[in-house]
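Only one structure is covered here, and it is reproduced in the block below.
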Amino acid sequence: MYNLKAIGLKIKEIRKNKKISQEKLAEMVSMNIKSIIRLENAQGSTTVETLFKIADALNIKIADLFENHEYKDRSEIIKDINNCINSMNDEELKLFYKTVYYYIQ
């Protein structure tokens, strides 16, 4: 599973570095500002589709939102990926596949 708190903090950091207000980001991704605030503060959940929209609006790769400096060994990485994939609905799985396929080409 992904760490929503870390993702929220990463969105906030990137948004601030790009001098984009929460209001402007909400407008750019067709969300209300309360949803952006909740996401940045890890209060609730979000979808992979929403993360794609936010990454696009911030002009970053979605992988940048998942970047942390916690490196794991191969077996832990595979376990985490399998857990993530198994928890996805069909639409999220398709988006995940497209992202991975795009990244490794």
Side-chain angles (χ1 to χ4, degrees):
M1 299 300 289
Y2 53 86
N3 182 338
L4 191 57
K5 184 175 183 177
I7 291 170
L9 290 173
K10 186 62 103 171
I11 290 169
K12 187 175 192 175
E13 174 190 344
I14 293 168
R15 176 184 59 74
K16 285 185 169 189
N17 286 341
K18 292 182 177 269
K19 298 180 179 8
I20 298 172
S21 69
Q22 289 173 321
E23 294 87 356
K24 181 66 177 171
L25 180 59
E27 180 183 308
M28 293 167 75
V29 296
S30 301
M31 292 175 66
N32 66 52
I33 187 169
K34 289 181 182 180
S35 296
I36 296 294
I37 292 169
R38 283 193 300 270
L39 177 58
E40 288 186 352
N41 293 311
Q43 299 170 338
S45 62
T46 192
T47 65
V48 174
E49 182 178 15
T50 297
L51 295 178
F52 268 101
K53 288 179 183 178
I54 290 171
D56 188 50
L58 295 173
N59 198 29
I60 60 171
K61 295 178 183 175
I62 192 166
D64 295 338
L65 297 178
F66 294 90
E67 181 182 285
N68 63 26
H69 299 286
E70 177 185 330
Y71 298 103
K72 300 179 178 186
D73 67 30
R74 180 182 175 84
S75 65
E76 289 181 78
I77 292 169
I78 292 170
K79 181 181 174 187
D80 284 351
I81 291 169
N82 282 332
N83 287 338
C84 184
I85 289 170
N86 288 328
S87 70
M88 291 178 183
N89 65 36
D90 290 345
E91 200 60 36
E92 291 169 332
L93 185 60
K94 289 175 187 174
L95 287 170
F96 178 80
Y97 174 77
K98 288 177 185 177
T99 303
V100 171
Y101 187 78
Y102 172 80
Y103 188 74
I104 61 175
Q105 279 190 340

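Given the structure is predicted, the values throughout are model-derived calculations rather than measurements.
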For residues 28-39, which side-chain donor-acceptor pairs fall under 3.5 Å, sequence neighbours excluded?
{"from": "N32", "atom 1": "OD1", "to": "K34", "atom 2": "N", "distance (Å)": "3.1"}
{"from": "N32", "atom 1": "OD1", "to": "S35", "atom 2": "N", "distance (Å)": "2.8"}
{"from": "N32", "atom 1": "OD1", "to": "S35", "atom 2": "OG", "distance (Å)": "3.1"}
{"from": "S35", "atom 1": "OG", "to": "R38", "atom 2": "NH2", "distance (Å)": "3.4"}

*ILVMFWY cluster, L95 and I7 together (side-chain gap under 4.5 Å)*: yes
*For N17, look at atom CG and say whether over 12 heavy atoms of other residues, nucleotides or ligands are found less than 6.0 Å away.*
yes
*Please list, chain by chain and in numerical order, all residues satisfying salt bridge (Lys or Arg N to Asp or Glu O under 4.0 Å) with K24, sequence neighbours excluded.*
E27
*Mind checking what makes side-chain hydrogen bond (donor to acceptor under 3.5 Å, both in side chains) contact with E40, not counting sequence neighbours?*
R15, Q22
*Results of side chain to side chain contact (heavy atoms under 4.5 Å, CB included) for I60 - residues two or more places apart only*: I14, K18, A55, L58, D64, L65
*Is there a side-chain contact between N82 and K79, using heavy atoms and a 4.5 Å cut-off?*
no
_Test of understanding: with side chain to side chain contact (heavy atoms under 4.5 Å, CB included), list the residues that count as partners of F96, not counting sequence neighbours._
I81, I85, M88, V100
_Can you confirm whether D90 is buried at CG, in the sense that more than 12 heavy atoms of other residues, nucleotides or ligands lie under 6.0 Å from that atom?_
no
*Apply side-chain contact (heavy atoms from CB on, under 4.5 Å) to the pair D56 and K53, showing each step before the final yes or no.*
CA-CA 5 Å; D56 188 50; K53 288 179 183 178; 5.7 Å; no
_Atom pair OG1 (T46) and CG (L4), whose distance is rounded to the nearest 0.5 Å_ = 7.5 Å
_Residues in side-chain hydrogen bond (donor to acceptor under 3.5 Å, both in side chains) contact with E23, at least two apart in sequence or another chain_ = S21
*Do E92 and N89 have side chains that get closer than 4.5 Å, going by heavy atoms?*
yes
*How far apart are the C-alpha atoms of I11 and L25, what are their side-chain angles, what is the distance that settles it, and do they pass the side-chain contact (heavy atoms from CB on, under 4.5 Å) test?*
CA-CA 10 Å; I11 290 169; L25 180 59; 4.1 Å; yes
